[in-house]
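Here the structure is laid out as structure tokens; the discussion comes afterwards.
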Amino acid sequence: MEIQHINANTIKIKLTNEELNQRGLKMLDLFNNQRKVQDFFMKILDEADLGEEFSQNEPLTFQVMPQPNGLDLLVTKNAGQVPPVPQVEQNQFTVDWDRKEYLFSTTDFGNILGLVDSLQMDGLASSLYYDGQKFYLDLAFLDDDPTVLSTREVWMIASQFCEFVDPKENDNIKLNSQTVLERDALGTISEQITDRNS
């Protein structure tokens with residue numbers, strides 16, 4: 001666990017996936033189990049010996065930023081309201097956080113493995129493609145009303161590991177790429193990893 005003081009009111013705590021596993025926490029817990037998350041954050045502050053600087057009795061804002069090998073936890077005191085998520089522009093298009101499907105690209109398969117651990121949930125289809133240079137992961141919501149994570153939360157997690165692809169390029173990329181895994185790529189990869197480790 002690494003701690004970086006950003007300023008008098010903000011610190012960044014870096015945690016690896018192994019450290020998360022040791023504490024019995026998965027990435028999805030950070031979004032759908034508020035009580036568990038709050039208890040986890042306060043324990044981390046105690047472990048980091050920051051109890052005096054960041055008291056439970058004062059308003060604290062926790063911002064989770066998933067990383068390929070774990071996560072960064074930004075803790076701010078007396079922060080007031082959390083700022084809205086900014087617009088993200090990639091490849092000359094603006095990300096629509098409410099969109100139900102996005103294609104993501106990466107040249108490093110390790111980033112796909114990072115997503116396997118961070119983004120498994122019911123109601124999210126995942127297909128993997130490869131064009132000889134890049135891997136493409138197609139993520140699509142199957143339900144109109146997501147119950148675990150919102151579209152914005154899913155796209156924020158995915159974009160920590162891979163790059164957004166302009167939706168206009170989706171059909172062309174799929175047409176000219178090999179389908180590696182269809183429909184449940186993240187779940188299939190997870191099962192293969194579990195089988196190898198068992």
Heavy-atom count around Asn176 CG within 6.0 Å, excluding the residue itself: above 12?
->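 Counting neighbours around CG of Asn176, more than 12 heavy atoms of other residues, nucleotides or ligands fall under 6.0 Å, so yes.
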
Would you find more than 12 non-hydrogen atoms of other residues, nucleotides or ligands less than 6.0 Å from Gln22 atom CD?
->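 Yes, the 6.0 Å shell around CD holds more than 12 heavy atoms from other groups.
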
To the nearest 0.5 Å, what is the distance between [atom1] on [X] and [atom2] on [Y]?
X: Leu128; Y: Gln178; atom1: CG; atom2: CD; value: 9.5 Å
X: Ser150; Y: Met156; atom1: OG; atom2: CE; value: 9.0 Å
X: Asp98; Y: Thr151; atom1: CG; atom2: OG1; value: 5.0 Å
X: Asp166; Y: Ser105; atom1: CG; atom2: OG; value: 11.5 Å
X: Lys134; Y: Asp108; atom1: NZ; atom2: CG; value: 13.0 Å
X: Asn172; Y: Leu175; atom1: CG; atom2: CG; value: 6.5 Å

Hey, are Lys174 and Glu101 close enough for a salt bridge, meaning a charged N less than 4.0 Å from a carboxylate O?
->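 Answer for the salt bridge query: yes.
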
Given 3.5 Å as the limit, does a donor-acceptor pair link the side chain of [X] with the main chain of [Y], or not?
X: Gln160; Y: Ile157; result: no
X: Asp184; Y: Gly187; result: yes
X: Glu19; Y: Met1; result: yes
X: Tyr102; Y: Asp96; result: yes
X: Ser127; Y: Arg183; result: yes
X: Thr179; Y: Leu181; result: no

Between [Y] and [X], is there a side-chain heavy-atom distance shorter than 4.5 Å?
X: Leu103; Y: Leu137; value: no
X: Leu139; Y: Lys100; value: no
X: Phe161; Y: Leu115; value: yes
X: Tyr136; Y: Val165; value: yes

Full working for side-chain contact (heavy atoms from CB on, under 4.5 Å) between Leu124 and Leu142 | CA-CA 6 Å; Leu124 182 69; Leu142 301 177; over 6 Å; no

In short, ring-ring contact (aromatic ring centres under 6.0 Å, His included) pairs touching residues 106-129 with sequence neighbours left out are Phe109-Phe135

Ser126 and Leu186: which non-hydrogen atoms are nearest, and at how many Å?
-> OG-N, 3.1 Å

Answer yes if the side chains of Asp131 and Ser177 hold a donor-acceptor pair under 3.5 Å, and no otherwise.
->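 There is no such pair (donor and acceptor under 3.5 Å, judged by atom type) between the side chains of Asp131 and Ser177.
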
Would you check, one step at a time, whether the test side-chain contact (heavy atoms from CB on, under 4.5 Å) holds for Ile112 with Ile189?
-> CA-CA 9 Å; Ile112 302 296; Ile189 295 172; 3.9 Å; yes

Who pairs with Phe104 by ring-ring contact (aromatic ring centres under 6.0 Å, His included), at least two apart in sequence or on another chain?
->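 Counting only residues at least two positions away or on another chain, Phe104 forms a ring-ring contact (aromatic ring centres under 6.0 Å, His included) with Trp155, Phe164.
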
